[in-house]
Amino acid sequence: MKDWFEDKLDSLGAALAGCAERPESTALRESGLPGQRAIVETLDMLMGVLYPGCHGPDSGYAGTDAARPLRNVLREIGGRLFSQISGAFEYAGRISETGQGDRAECRARARAAVGALFDALPAIRTTLDEDAIAGYEGDPAATSKAEVILSYPGFFAIAVHRIAHVLYAQGVPIIPRAMSEYAHSKTGIDIHPGATIGPGFFIVHGTGVVIGETCTIGRHVKLYQGVTLGARSFPKNADGTLVKGLKRHPDVEDDVVIYAGATVLGGETVIGRGAVIGASVWVTSSIPPGEKVLSSEIDPSSRKARVLVFDLGAGI
Amino acid sequence: MKDWFEDKLDSLGAALAGCAERPESTALRESGLPGQRAIVETLDMLMGVLYPGCHGPDSGYAGTDAARPLRNVLREIGGRLFSQISGAFEYAGRISETGQGDRAECRARARAAVGALFDALPAIRTTLDEDAIAGYEGDPAATSKAEVILSYPGFFAIAVHRIAHVLYAQGVPIIPRAMSEYAHSKTGIDIHPGATIGPGFFIVHGTGVVIGETCTIGRHVKLYQGVTLGARSFPKNADGTLVKGLKRHPDVEDDVVIYAGATVLGGETVIGRGAVIGASVWVTSSIPPGEKVLSSEIDPSSRKARVLVFDLGAGI
Amino acid sequence: MKDWFEDKLDSLGAALAGCAERPESTALRESGLPGQRAIVETLDMLMGVLYPGCHGPDSGYAGTDAARPLRNVLREIGGRLFSQISGAFEYAGRISETGQGDRAECRARARAAVGALFDALPAIRTTLDEDAIAGYEGDPAATSKAEVILSYPGFFAIAVHRIAHVLYAQGVPIIPRAMSEYAHSKTGIDIHPGATIGPGFFIVHGTGVVIGETCTIGRHVKLYQGVTLGARSFPKNADGTLVKGLKRHPDVEDDVVIYAGATVLGGETVIGRGAVIGASVWVTSSIPPGEKVLSSEIDPSSRKARVLVFDLGAGI
């Protein structure tokens, strides 16, 4: 194919060289923001530190005297995170109206973010143990806590979320979302890093679950596949652009169970403590504590879902 | 970032060293149960043996005289499976009340499991060929059987299931579920390794499909994306823990078609031979053979879905 | 485990050697059609050319003088694509009734296909930039266009589709579908390479979305997770096999929004310009331009979904 092809390469090479000069690519190059792959690799090392032998790259450091090699792994992770996160802050600065991000400030913020994540790691591990127990106790098919840790997509998704959420809280751009989208890709569970989720959280099967940025979820909440905790509407600015940063997603209190395919929408919607939402139910207004919602229908006048309340008995 | 960070490493290293000493991690280390990665690698080699050139690592052994190199690949796979499976049995022993698993017995059970899988491989390949034909004949977009084998998520999911199910039947802990969750991660199709599935099985698109542990599925059954074959309720023991090992999921007889998003629940629910379940229908009681169910509504008194039966005509 | 196992290897090796001699495997071997892995690797290099630093393998060529190294990368990609695609044409010939594919003709068609894709790359990049802007403007949680490019599954899925669709249009067998199933596996979004999709396309969350082979989608269309644009029925030939190549899937005009879990079926179904389809609505007949459909119910007589039309206000 040589001849015709070599001729084509000149024009095409010139045409596409421009791609590397588009703002996002140049800013990426200059800021050193890592690509998806590097972010995932560091996340994977973090998972290996939290669950040696269960997750992460070959956990050679999981020896009897784990402390020393672990120290080296943490130093390596810390160094990578620091450069990735400072790159993300620089990148955000470059693409912002204000333009150039001050490198020194970016490095300071990155240092703070890495410090916050490392300080949080022991607590994250403790919380994840509660999540694993909830998975084992909440699924008749689970034969051990280790099976949940090793295999369950719901556990992997919440583990990645608890890491990404700390970086999100530190204002780190892009990287937390890249981490949560990696978990989404592996599990079909889409948890925005902004969501606040209590301990003992368990997602059964999980494919199709969506949890929005401004959700808050209490302790020991259980969700099934296909559950959406989403936004009801997107207010617009005068210029027609969407208003960003509003409270758009529901609050779910302690001990709530939401069955497969249910949809709960709206920033003022609160699912009260211990409530149960049935499969495929559509909820756009608050449910009192302890209530069991089996079915729903849409009320044309209010254009809201009117929920029909029954006792479900155990399960659905 | 050196100074502040080095100080942090001491305390953090100490705090997290504990992670490697938690029961599941120590038991993992001592039992030699492999992580997710090693299990997937072996599974991948098995797929390469069943469909040389289509799946698995570079199939260098797919030469004109395939028998000799294939023999070596099988020896390699057998050795890996044996150590992984005996590790899984040991691990299960260590975390059980009885504590320590007898290594000799674990090795004997692993030998039996590897033997059972290897004896089953030719039959699995034959059954998978029926599945591939069902995929080609059941999808107007399929242009060849090879396209189904190479690309279709439904084919990949059933292929992994047929391997995992043999190990599940041998009582192998953790590894079968790790295999099925790998397929779940790649395809969005969640088939518990316990499910019993006949030949000529085809899942269209597949994302969001859930098939529970105690399902039985007959010959030439076709499911669309988002179909759940699930449990209706989870009986609890006196101590409040869930009863494990009950028949919780439906039976689906030969030649049944279930369209997108339909939900079929309950261990006593039987979908009769040749029945058709429409998209998004919710079924919690048995459907007679040959019936076509278009729609469903919930009966508050029985708290069950009452199915409305119509002739659908072809497809939906 | 040696002894018992070595004995088993002889019989098993012989039994499975046949696998490599089945038509699809021999044809694969002789035609040089690549496996899933090689196809994905080449696709990944293409993504790296379109979005250096954001996607693809380490983008070492994204330097200040990008033109020269980029030229080399394009030559490498072109060479791989050429041999993969000519292999696919040969393979299709070998498994067709007519048997043997003429190698020279396969090479000529492969040359044409690679040429068509390379000629299309600059336009694909321009269209993808419109898609990325639609993602940023359409999602309140998006903080930058780069976040969409780096992380959003909907962006990845449409990027892969725009590449696969060019090859599909050139009649390339198997490879376009292998590419789209790779994107399906990563994102849970299943876009058949045959679908025709305009610029400014955005899929929110995305898991469970299915877009059929004969869909046409206009400009600035927005879909949410779980939306199906599917077929209503599969006409059969006299011999009972399915008729292939019919127009089976809907047309969606410019500026349409379809919310989570909605199902739109049928080759004659047209969703008019600017229409809004509510969450979980089931549509099997055309919707006029500008209409807002909140709910649906099934009409037993026509066996079609009757849509109930209300003004939704912004969002749902």
Side-chain angles (χ1 to χ4, degrees), chain A residues 49-56 58-59 61-63 66-68 70-71 74-75 78-79 82 107 111 114-115 118-119 121-122 125 129 137-141 143-147 149-153 186-188 205 207-208 225-226 260-261 279-280 294-295 308 310-316, chain B residues 1 4-6 8-10 12-17 19-22 24-25 27-29 33 35-37 91-92 95 173-174 177-178 180-181 184-185 188 190 192 194 207-208 210 212-213 226 228 230-236 241-246 248 261 263 265 280 282 298 300 303:
Chain A
V49 163
L50 292 174
Y51 289 95
C54 303
H55 288 286
D58 194 310
S59 56
Y61 56 86
R68 188 177 300 95
L70 177 58
R71 199 182 194 290
L74 288 168
R75 183 185 293 105
F82 173 75
R107 293 171 60 87
R111 207 160 24 239
V114 174
F118 273 34
D119 291 339
L121 283 180
R125 163 75 197 217
D129 285 338
E137 291 177 348
D139 178 4
T143 58
S144 71
K145 195 181 139 197
E147 190 175 50
I149 294 169
L150 268 170
S151 303
Y152 275 43
K186 274 195 72 164
T187 65
H205 305 302
T207 305
Q225 69 272 20
S280 306
L294 173 58
S295 185
L308 310 175
F310 307 102
D311 185 328
L312 278 171
I316 216 164
Chain B
M1 54 191 276
W4 68 276
F5 194 67
E6 287 301 323
K8 194 181 288 295
L9 288 182
D10 296 322
L12 185 57
L16 289 177
C19 292
E21 300 314 319
R22 303 284 179 101
E24 66 273 12
S25 286
L28 277 169
R29 201 160 58 236
L33 173 67
Q36 181 79 11
R37 211 153 294 193
Y91 176 79
I95 62 173
I174 294 179
R177 182 63 181 264
S180 64
E181 285 297 350
H184 183 193
S185 168
D190 182 353
H192 192 286
T207 305
V210 173
E213 179 175 21
T228 294
R232 189 166 198 290
S233 68
F234 299 156
K236 291 185 170 162
T241 60
L242 294 175
V243 180
K244 308 225 170 196
L246 293 181
R248 305 181 304 278
T263 302
L265 303 177
S280 306
W282 208 55
I298 289 156
R303 303 203 316 273

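Proteins come first, then strands; the chains are lettered A, B, ... in the order of their sequence lines, and each starts at number 1.
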Between A:Ala146 and B:Ile174 the two heavy atoms that sit nearest each other are CB-CD1, 4.4 Å

B:Ala178 versus A:Ser151, closest heavy-atom pair with distance = CA-OG, 3.5 Å

Are side-chain heavy atoms of A:Pro140 and B:Leu246 found at a separation under 4.5 Å?
-> no

Which value, rounded to the nearest 0.5 Å, describes the distance between B:Leu9 atom CG and A:Arg75 atom CZ?
-> 5.5 Å

Just how far is it from atom NE2 of B:His184 to atom NZ of A:Lys186, taken to the nearest 0.5 Å?
-> 12.5 Å

B:Asp190 side, atom CG; A:Thr187 side, atom OG1 - distance, nearest 0.5 Å = 11.5 Å

Name the member of A:Pro153, A:Ser144, A:Gly261 that forms the most heavy-atom pairs with chain B at distances under 4.5 Å.
-> A:Pro153

Contact origin within A:Gln225 toward chain B - heavy atom pairs under 4.5 Å | side chain

Using the test side chain to side chain contact (heavy atoms under 4.5 Å, CB included), find all partners of B:His192 that sit at least two apart in sequence or belong to another chain.
-> A:Ala141, B:Tyr168, B:Arg177, B:Glu213

